[in-house]
Each structure stands twice: as structure tokens, then as C-alpha cells.
There are 2 protein chains.
Amino acid sequence: MHKESEILERYIKSKDLRHTPQREKILNIFLSTEKHLSADELHKLVKKRDSDIGYTTVYRAIKLFSKCGLLSEVDFGDGIMRFEHKYGHGHHDHLVCTKCGKFIEVIKPRIEKLQESLAKEHGFKPTRHKLQIFGTCRRCSMKK
Amino acid sequence: MHKESEILERYIKSKDLRHTPQREKILNIFLSTEKHLSADELHKLVKKRDSDIGYTTVYRAIKLFSKCGLLSEVDFGDGIMRFEHKYGHGHHDHLVCTKCGKFIEVIKPRIEKLQESLAKEHGFKPTRHKLQIFGTCRRCSMKK
DNA sequence: TATCTATTGAAAATGATTTTCAATATTACC
DNA sequence: GGTAATATTGAAAATCATTTTCAATAGATA
Ligand SMILES: [Mn+2]
Ligand SMILES: [Mn+2]
Ligand SMILES: [Zn+2]
Ligand SMILES: [Zn+2]
């Protein structure tokens with residue numbers, strides 16, 4: 001059993017929730033890819049393995065995984081929430097290609113530091129930030 | 001007549017659109033505040049001066065102002081689009097207080113430069129970016 | 001003024017996400 | 001293993017910001 005399942009189980013026990021096969025399957029499928037899936041995409045994958053799991057259950061599982069720190073929401077501003085692994089994945093920013101939709105995960109410590117000092121300069125206590133750079137990826141730049 | 005009205009008029013003429021009193025009023029009210037209003041907030045202000053202007057017309061005016069470079073959309077991730085002046089306002093980022101909703105407009109040239117080089121390192125051609133730092137503003141930090 | 005067609009406002013539609021609710025499954029306890 | 005208490009499920013309905021539809025109206029041009 002992987003660490004993530006343990007974390008979920010611990011959370012479930014601590015909050016008087018219940019272990020269900022639906023949650024187990026949804027978690028495994030979520031963990032099986034590093035893609036940033038939408039609820040709809042995750043539901044489609046889930047249905048391949050178990051056609052009886054409903055849309056709503058997937059949405060509810062996402063909220064649950066978010067609460068126990070396994071998942072975080074990523075908003076690329078197109079009206080669709082996407083989800084990424086949180087456990088074992090440090091903070092990072094995204095370069096988002098507006099041609100093909102692909103994205104690159106990046107981290108630039110000097111930018112992070114400058115953000116800290118920028119906030120401090122304004123008497124602002126930062127808790128989180130969102131940096132997204134939109135543009136054209138290498139591959140899309142080539143295909144004239 | 002301010003410069004913004006001229007820009008709108010020029011755009012309207014160039015695209016075979018029509019000047020209307022609704023558009024004129026909505027533009028003036030949009031320009032009268034530096035707040036980042038939502039469509040609903042803008043509509044409420046508009047109705048104070050002219051109660052016959054509909055919701056839909058405000059939405060349509062927003063799209064129009066956006067097309068002629070007078071307005072840009074700001075998405076703080078709460079499901080509501082807000083709008084800010086674009087003409088005469090350079091690019092900037094936002095510090096957003098999650099307690100009171102206020103925000104501070106900031107620009108840090110060194111961060112901008114580092115973003116450029118970050119993109120370049122990944123063969124990525126940036127067109128725009130979004131940097132938002134969420135946290136607690138000075139005033140909200142004080143009120144224990 | 002006449003004509004063409006862009007604009008308007010109300011109402012309906014959209015689409016992602018959330019809520020409701022009756023049926024079912026899980027857990028703790030006997 | 002039963003049994004009761006209650007969390008979970010899935011389908012359908014609701015939500016809510018925004019967009020579309022459509023018939024009536026108004027702006028531009030000649
Ligand atoms: Mn990511
Ligand atoms: Mn701003
Ligand atoms: Zn690309
Ligand atoms: Zn504040």
C-alpha cells in the first residue's frame with residue numbers, strides 16, 4: 001500500500017468517514033498519471049475501470065483528497081479546474097502553451113525570494129502565490 | 001472628450017459598429033473608478049445613473065472595451081471576473097488579501113526579467129503572465 | 001425620410017460544479 | 001454473524017456567472 005492511501009485512510013479514520021471502493025479506485029487512478037486532469041477527464045478514466053462510479057462521486061473524492069493534502073487544484077483560467085499531485089511534490093509554477101495546452105512545471109528560487117521581499121515591502125504576509133507564464137512551447141514554435 | 005472615448009469611437013467606426021448612449025455611459029462609469037469591478041458591480045453602478053440599461057448590455061460593452069484595448073480582465077480565482085483599466089496602465093501584478101479582498105498593484109522589474117529568462121531556458125516564448133500573491137494585508141494583520 | 005443592419009433587453013441556454021434525496025454500504029457494537 | 005447508526009452513493013435538480021437567442025428598436029447613411 002502506497003503512502004498516499006495510508007494518508008487517506010488516516011484522514012478517514014480521524015474524521016469518522018468511511019473507506020469505500022470508489023474512493024480507493026479514484027485515488028489509484030488519480031495517482032497513476034502526472035497529467036493535470038480535470039474532473040471530467042478523471043471521471044472518464046475511472047469509468048474505464050468501473051463504469052458504475054458516478055460523476056458526483058469523483059467530484060466529492062477530489063474535495064476529499066484536497067482536504068487531506070494529496071491533491072491541489074490548478075486553475076489555468078479557462079474555466080476548468082485541473083488537479084495535480086500534492087503529496088511529495090513541492091511548490092512549482094507553470095509555463096502554459098496556449099497553442100497545444102501542454103505545460104512545463106518550473107521553479108526558480110530567485111523569483112520565489114523576490115516575491116517574498118516584494119510582499120514584505122508592502123507589509124503583506126503571503127500564504128501562497130500563483131505564477132503562470134502563457135506563451136508558445138518549443139514544439140509549437142517550430143511548426144511555423 | 002477623453003482619450004478613451006476617442007479610442008472607442010475609432011474602433012466603432014473602423015468595424016462598422018454603432019455609437020450608442022449605453023456604451024458611452026458604461027464606459028464613463030467604468031473609467032470613473034480605479035476599483036476592479038465585476039460585471040455585476042459595474043451593472044449596479046450603471047443602473048444608478050440609467051436604470052434602463054440591461055445586464056447583457058454591460059457584459060457586451062465589457063467585451064467591446066476589451067477588444068479595443070481599454071479594459072483587461074483580472075481573474076483572482078474566485079469564479080468572478082473583474083475588470084481593470086488597460087489604457088495608460090502598464091502591466092502589473094497583484095497582492096490579494098484573502099481576509100478583506102483588497103489588493104495592491106505591484107511591479108518588480110527584476111521578477112519580470114527573471115520570468116523572461118526562465119521561459120527562455122525552456123525554449124518557451126512568453127506572451128503574457130499572471131502573478132498573484134495571496135495573503136494578509138497590513139491592516140488585516142493588525143486586527144489580531 | 002427610407003433603408004439597412006447593429007444594438008438592445010428579457011428570457012432562455014450554457015457548462016462546470018454543487019446540492020438534494022432516497023437507496024445502499026460501511027462501521028461499531030452485540 | 002446480526003443490527004443499528006450514519007456516511008456514501010448516483011441520478012437528477014439546482015446553482016451561478018456568463019453567453020446566446022430573438023423580436024423590437026435605434027443609429028448611420030444616402
Ligand atoms: Mn503542476
Ligand atoms: Mn490591477
Ligand atoms: Zn505547445
Ligand atoms: Zn486585508
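Separating the CZ atom of B:F65 from the P atom of C:dT7 is a distance of 12 Å, rounded to the nearest angstrom. Taking atom CZ of residue B:R60 and atom P of nucleotide D:dT19, one finds them 11 Å apart after rounding to whole Å. Distance, B:L64 CG to C:dT7 P: 8 Å, rounded to whole Å. Nucleotide C:dT8 holds its C1' atom 13 Å from the NZ atom of B:K25, rounded to whole Å. In this structure, CD1 of A:I26 is placed 11 Å from C1' of D:dT8, rounded to the nearest angstrom. Taking atom CG of B:D50 as the reference point, atom P of D:dA26 lies 13 Å away to the nearest angstrom. Here the P atom of nucleotide D:dT15 and the CG atom of B:D78 are 20 Å apart, to the nearest Å. Look at CG on A:D75: it is 14 Å from P on C:dA16, rounded to the nearest Å.
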Notebook entry, point to check: In the 5'-to-3' direction, what one-character label does each nucleotide of nucleotides 23-30 of chain C receive under the scheme B = base within less than 4.0 Å of a protein heavy atom, S = sugar-phosphate only, - = no such atom?
Noted result: --BBS---
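Tracing side-chain contacts under 4.5 Å through hydrophobic residues (I, L, V, M, F, W, Y), one reaches A:L131 starting from B:I104; they form part of the same cluster.
Nucleotides of DNA chain D nearest to B:Y59 and A:V58 differ in position, and the one nearer the 5' end is that of A:V58. Comparing B:M81 and A:Y55 along DNA chain D, the residue whose closest nucleotide (by nearest heavy atom) sits nearer the 5' end is A:Y55.
Two residues are said to be in side-chain contact when any heavy atoms from C-beta on lie closer than 4.5 Å; B:I133 and B:H94 fail this criterion. Side chains of B:R23 and B:L17 form a contact here, defined as non-hydrogen atoms less than 4.5 Å apart.
Within the 4.0 Å cut-off from OP1 or OP2 of D:dT9, at least one side-chain nitrogen or oxygen of A:R23 is found. A sub-4.0 Å separation between OP1 or OP2 of C:dT18 and a side-chain N or O of A:K63 is present.
Put simply, the side chain of B:Q132 gets close to the backbone of B:D75: a donor and an acceptor are under 3.5 Å apart.
Heavy-atom neighbours of A:K108 NZ from other residues, nucleotides or ligands within 6.0 Å: above the threshold of 12.
Counted by atom type alone, B:E116 and B:H129 present zero donor-acceptor pairs between their side chains at under 3.5 Å.
Within 4.0 Å of B:D52, counting heavy atoms only, lie sugar-phosphate atoms of the nucleic acid but no base atom.
Taking CD1 of B:I7 as the reference point, atom CG of B:L27 lies at 9.5 Å (rounded to 0.5 Å).
Relative to the side chain of B:T56, the nucleotides C:dA11, C:dT8, C:dA16 differ in distance, and C:dA11 lies closest.
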